[in-house]
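See below for the structure under consideration.
Excluded from the calculations below are hydrogen atoms, water molecules and symmetry mates; all remaining heavy atoms, backbone and side chain alike, are included. Note that the structure is a prediction, hence the values are computed from the model and not measured.
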Amino acid sequence: MEAIENLGFTEPTPVQALSIPPGIEGKDILAAAQTGTGKTLAYLLPIFDQMVRHFGSRRPKKGPYALVLAPTRELAQQISECASTIAQTTKFRTLTVIGGKKYSTQVEKLKKGCDVLIATPGRLLDLAQQGLLSLENIHYLVLDEVDRMMDMGFWPPVNTIVRMTPKERQTFLFSATLTPDVQAKAKLVQTDPEVVEIAHKGETAKTVEQFVMPIAQRDKADLLQAVLKEKGSTRVIVFARTKNRTEDCAEMLCDAGFSAESIHSDKSQGQRRRALENFRRGRTDILVATDVLARGIDVTGVDH
């Protein structure tokens, strides 16, 4: 409760209200919830609560006891920030293992031991297969944005990682929607889960207004500039389909006098972090992104 207060929350969101009680009881959770509905706490709070009750505080053994897998580095880092705040109060150790960061630093930290490990699948599997990390003490496993991990071709490494964890564990699966494919994968890794469905396919958050503007490809740049001039251009995210389109669009906006930066998976981790931070802090007005940002990134006060 102290950690929740430090995070600044007083009321649970619907996904939290439905996931936390069965989660605390140790049940597997299969949840469909959109980005921005508070799902990170819907799994972190039951995990930390049980760890506090079972372990008191940090255990002498190495761990990790909880593993959270996320599809993108940005989402992993965001989960990590939330977990670290709870860990400060509960005195557990958190560690984030993602691609784009130095191997040696992550290996050093792993040697010291951690209780909660947050990771992207590729880097985690790499470390585990080299024998630099053991998953035999995992009590709690979270697969966040499962549908996204499947889209990105992460399911084979995720499946391999799941098989490295004990069969007797609690598993949380979170997805934007519960497609038949997601439900089939859930059957492989969960036992009699509590199903929590907040989002249905194609639904948008109630706070969002949507407009479609059919336009020829050659006129897109002019239309985008006209919309930004009319509607305002200070807190805007523009999504493009490919990395090249993202670069071209950001360049076009800068040439037209707007303050824009691009973010996609070909950029280094440092570049991606800086672009996101610049946008968060208002140093950049427009962020042009591929779908690397489409899920789970919590940037407040976006206008368009």
Side-chain angles (χ1 to χ4, degrees), residues 7-8 34-40 70-85 96 98-102 105 118 120 123 144-145 148 151-152 176 204-213 215 217-304:
L7 285 161
Q34 300 146 326
T35 290
T37 53
K39 60 192 170 57
T40 307
T72 65
R73 300 165 187 179
E74 283 77 12
L75 182 55
Q77 285 178 314
Q78 193 170 286
I79 295 163
S80 175
E81 284 164 24
C82 190
S84 299
T85 306
T96 309
I98 54 176
K101 294 275 183 176
K102 270 190 180 170
T105 316
I118 297 138
T120 45
R123 175 59 61 97
D144 199 351
E145 305 279 12
R148 183 90 176 87
D151 290 346
M152 291 169 78
T204 309
K206 288 186 170 56
T207 52
V208 175
E209 278 188 278
Q210 300 183 92
F211 302 91
V212 177
M213 300 181 183
I215 188 83
Q217 181 69 36
R218 65 177 181 277
D219 298 325
K220 271 189 184 178
D222 290 340
L223 177 65
L224 178 58
Q225 288 179 45
V227 168
L228 291 170
K229 279 171 185 160
E230 186 184 318
K231 299 283 182 189
S233 60
T234 51
R235 301 292 291 152
V236 180
I237 300 179
V238 177
F239 285 106
R241 194 171 54 84
T242 64
K243 297 165 195 173
N244 286 345
R245 290 267 276 276
T246 307
E247 284 293 311
D248 292 347
C249 181
E251 204 172 299
M252 173 272 291
L253 289 171
C254 287
D255 289 347
F258 294 98
S259 155
E261 272 189 89
S262 67
I263 185 167
H264 53 73
S265 60
D266 272 1
K267 297 226 162 183
S268 74
Q269 190 54 38
Q271 289 172 318
R272 282 159 66 166
R273 196 186 64 249
R274 275 193 300 279
L276 196 52
E277 203 48 39
N278 286 343
F279 183 66
R280 273 204 179 109
R281 292 177 183 275
R283 295 187 198 117
T284 303
D285 293 335
I286 304 168
L287 196 56
V288 188
T290 53
D291 63 357
V292 77
L293 266 196
R295 290 283 186 84
I297 299 304
D298 190 11
V299 181
T300 52
V302 175
D303 293 331
H304 298 90

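Rounded to the nearest 0.5 Å, atoms CG (Asp248) and NZ (Lys220) are 12.0 Å apart.
With hydrogens and angles ignored, the 3.5 Å screen pairs a side-chain donor or acceptor of Arg73 with a backbone N or O of Gly99. At least one donor-acceptor pair closer than 3.5 Å links the side chain of Ser259 to the backbone N or O of Asp285. Under the 3.5 Å distance criterion, the side-chain polar atoms of Ser84 are matched with a main-chain donor or acceptor of Ser80. In this structure a side-chain-to-backbone donor-acceptor pair under 3.5 Å is missing from Ser233 to Lys229.
Under the 4.5 Å side-chain criterion, counting only non-hydrogen atoms from C-beta, Met213 is in contact with Val227. The side-chain heavy atoms of Glu261 and Arg274, taken from C-beta on, include no pair separated by under 4.5 Å. With a 4.5 Å cut-off on side-chain heavy atoms, Arg123 and Ile98 do not count as touching.
For the pair Lys39 and Glu145, the salt-bridge criterion is met [side-chain N within less than 4.0 Å of a carboxylate O]. Using a 4.0 Å cut-off between a side-chain N of Lys or Arg and a carboxylate O of Asp or Glu, Arg281 and Glu277 qualify as a salt bridge.
In this structure, Arg235 is positioned above the aromatic face of Phe279, its NZ or CZ under 6.0 Å from the six-membered ring centre and within 45° of the axis.
Contact record, Gln225 with Leu253: CG-CD2, 4.4 Å, taken as the closest heavy-atom pair. Summarising the geometry of Arg272 relative to Ile263, their closest heavy-atom pair is O-CD1, 3.5 Å, with the distance given to 0.1 Å.
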